[in-house]
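By convention in this document, chain letters (A, B, ...) are assigned in the order of the sequence lines, proteins followed by strands, and residues within each chain are numbered from 1.
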Amino acid sequence: YRDICALLLTQTHTRSSLGGTQLHAHVIKSGSQAVPLVTHHLINFYSKTQLPFLSLQVFDESGFQKTRTTWSSIISAFAQNELPVLAIEYFRRMVGEQTRPNDHNFPSAIKACAMIDQCDAGKCLHSMVLKMGYSCDVFVSSSLVDMYAKCGSISDSRKLFDEMPERDVVSWTALISGYIRCGLMEEARRLFYRPDALKNVVTWTAMVRGYVRLNLVNEAERLFDAMPVKNVVSWNTMMDAYVQMGQVDKVLDVFRRMPEKNIVSWNTAITMLMRHRRVDEGRRLFDEMPERDVISWTAMLTGLARNGRVDEARKVFDGMPVRNVVSWNAMINGYVKNMRLNEAFELFRIMPERNSSSWNSMIMGFIQNGDLDRARELFDRMPVKN
RNA sequence: CUGAGGAACUACCACG
């Protein structure tokens, strides 16, 4: 078991999905999924390789009494893979099985509340934290600072922050980002320049982003140049600065100069090119990029459709290895914008899941087609209106 | 003495 765990940990850190999957097969054959430590490693492996539903499968198939660590693994797998609703649900289940949450369980669950603006659930977790005596844990309280800020209660964030007996760089960054998100750049700045402030590359990048959002590109550039350390996210944020200004060539310049690129850098460049009708260059980047995710495909599809090449967009859509609701919406909207209502509606009918954007696109389509009755009918059938 | 936890960047519609 020791060897399996050590190997799994290596695969987790190198994100090597092939090796990990083979180890999983070996685990099943040898029956060692009954060993908690092995199961925990497997859940974490699938979480880090962004396959949370395989994490869940391992969780469900493990034949032992779940411990806090088992729960911690599965809850964080959901929270880190954009599945906040499931994270909260599994936190609830854990509590329902009389398992007392520990200091590792709370931050993931609180993060999940922050992701979906569930301030009520967040407050509920906060009172559990107080009751169980975890409010001095720096991970727990930093996650609360972040949660209140994301739910729009920045003053609660500040109060918590001021009362923390000890803070680390994440506590500082959560609060500073909170002020930036609320548009209170001045307050963010005051904190950032406080002599006792703890800052790292994430904090600096958040500040750069703050200036970008206010269209203060010169300030953003100044801060970016002054950064003691930059990483790929900092560079991506600078690309975004020029995206906002509509400076395509500056975007491409940063893209070429940056010391390393990740998938976000490529996606940003492609989106920008497509928005400025440089379709073939965008297509070339898309073909060149080392790996593509659902965002890359959707950006490509949207760009083609916006430039009137909707049939090519459809080919891209059909070629997608995975689709989500956004990609479906993008394709539907592409048809709508090109006055191809029938194809749009056909997709709308068969799509596996709809959100308000799907309905809005279709409704707009019928309106611009002069078919107000069907627009009205769809509007009435819309489950959630915005 | 194993393992799990919190902060910053990209794609669709409408609104601003």
Using atom CG of A:N355 as one end and atom P of B:A14 as the other, report the distance to the nearest whole Å. 13 Å

Do A:M164 and A:M132 share a hydrophobic cluster, counting only Ile, Leu, Val, Met, Phe, Trp and Tyr and linking them when any side-chain heavy atoms are less than 4.5 Å apart? yes

For B:A4 and A:K66 - does any side-chain N or O of the residue sit under 4.0 Å from the phosphate oxygens OP1/OP2? no

For a quick check, tell me whether the side chain of A:S72 and the base of B:A4 share a donor-acceptor pair closer than 3.5 Å. yes

Over how many whole Å does the gap from A:D3 atom CG to B:U2 atom P extend? 16 Å

Between atom CZ in A:R181 and atom P in B:A7, what is the gap in whole Å? 10 Å

A:E89 bridged to A:R93 by N-O distance under 4.0 Å: yes

Could you tell me how the ring of A:W172 sits relative to the ring of A:F161: parallel (under 30°), tilted (30 to 60°) or perpendicular (over 60°)? perpendicular

Using whole Å, report how far CD of A:E82 lies from P of B:A11. 13 Å

Counting side-chain heavy atoms from C-beta on, which of B:U10, B:A11, B:A8 comes nearest to A:D240? B:U10

Taking donor-acceptor contacts at under 3.5 Å, does the side chain of A:D293 reach the base of B:A11? no

Remember a base hit wins even if backbone is also touched, and classify A:S142 as base, sugar-phosphate or nothing at under 4.0 Å, heavy atoms. base

Just the rounded figure in Å: distance from P of B:A8 to CD1 of A:I176. 13 Å

Relative to A:Y179, does A:R190 satisfy both conditions: NZ or CZ under 6.0 angstrom from the six-membered ring centre, and within 45 degrees of the ring's axis? no

Is the shortest distance from a Lys or Arg side-chain nitrogen in A:D156 or A:K159 to a carboxylate oxygen in the other one below 4.0 Å? yes

Near A:Q65 CD, under 6.0 Å, is it more than 12 heavy atoms from other residues, nucleotides or ligands? no

Is the phosphate of B:A7, meaning OP1 or OP2, less than 4.0 Å from a side-chain N or O of A:K111? yes

Using the six-membered ring wherever Trp is involved, compare the ring planes of A:F91 and A:F106 and label them parallel, tilted or perpendicular (cut-offs 30° and 60°). tilted

Compare the minimum distances between each of B:C9, B:C12, B:A4 and the side chain of A:T302, then state the nucleotide with the smallest one. B:C12

Given the structure, check if the side chain of A:N333 and the base of B:A14 hold any donor-acceptor pair shorter than 3.5 Å. no

Using a heavy-atom cut-off of 4.0 Å across all strands, would you classify A:K199 as base, sugar-phosphate, or nothing? nothing

When we call it a touch if two heavy atoms are under 4.0 Å apart, what does A:V232 touch: a base, just sugar-phosphate, or nothing? nothing

Nearest whole angstrom, please: distance from the C1' of B:A11 to the CE of A:M239. 14 Å

Give the rounded distance in Å between these two atoms: CD1 of A:I154 and C1' of B:A7. 13 Å

Counting heavy atoms from C-beta on, name the nucleotide in B:U10, B:G6, B:A11 closest to the side chain of A:T298. B:A11

Among the candidates B:G6, B:G3, B:C9, find the nucleotide nearest to the side-chain atoms of A:R209. B:C9

Closest to the side chain of A:L37, out of B:G6, B:G3, B:C13, is B:G3

When you measure from the side chain of A:S361, which nucleotide among B:C13, B:A8, B:G6 comes out closest? B:C13

Indicate whether OP1 or OP2 belonging to B:A11 is found under 4.0 Å from a side-chain N or O atom of A:R275. yes

When only distance counts, do a donor and an acceptor, one from the side chain of A:N236 and one from the base of B:A8, lie under 3.5 Å apart? no

For a quick test of reading the model: is some side-chain N or O of A:R68 closer than 4.0 Å to OP1 or OP2 of B:G3? no

State whether A:Q80 places a side-chain N or O below 4.0 Å from either non-bridging phosphate oxygen (OP1 or OP2) of B:A4. no

B:C13, B:C12, B:G5: which one has an atom nearest the side-chain heavy atoms of A:S108? B:G5

A:H104-B:A4 aromatic stacking (under 5.5 Å, under 30°): yes

Of the candidate nucleotides B:G5, B:C12, B:A7, which contains the atom at the shortest distance from the side chain of A:D103? B:G5

Assign A:T203 to base, sugar-phosphate, or nothing according to its heavy-atom contacts below 4.0 angstrom with the strands shown. nothing

Which nucleotide wins on minimum distance to the side chain of A:T271, given the candidates B:C12, B:U10, B:G6? B:U10

Pair of N/O donor and acceptor under 3.5 Å linking B:G5 base with A:N102 side chain: no

Using the side-chain heavy atoms of A:T69, tell me which of these nucleotides is nearest: B:G3, B:U10, B:G6. B:G3

Select base, sugar-phosphate, or nothing to describe what A:K48 touches, counting heavy atoms under 4.0 Å on all strands. sugar-phosphate

Hey, is the side chain of A:T237 pairing donor to acceptor with the base of B:C9 inside 3.5 Å? no

Looking across every strand, which nucleic acid part, if any, lies under 4.0 Å from A:R306 by heavy atom: base, sugar-phosphate, or nothing? sugar-phosphate

To the nearest angstrom, the CZ-P distance between A:F366 and B:A14 comes to 16 Å

Do A:D137 and B:G5 share a donor-acceptor pair, side chain to base, under 3.5 Å? yes

Proximity of A:W71 and A:F59 rings by center, below 6.0 Å: yes

For a quick check of understanding: with a heavy-atom distance under 4.0 Å over all strands, which category does A:N231 fall into, base, sugar-phosphate or nothing? base

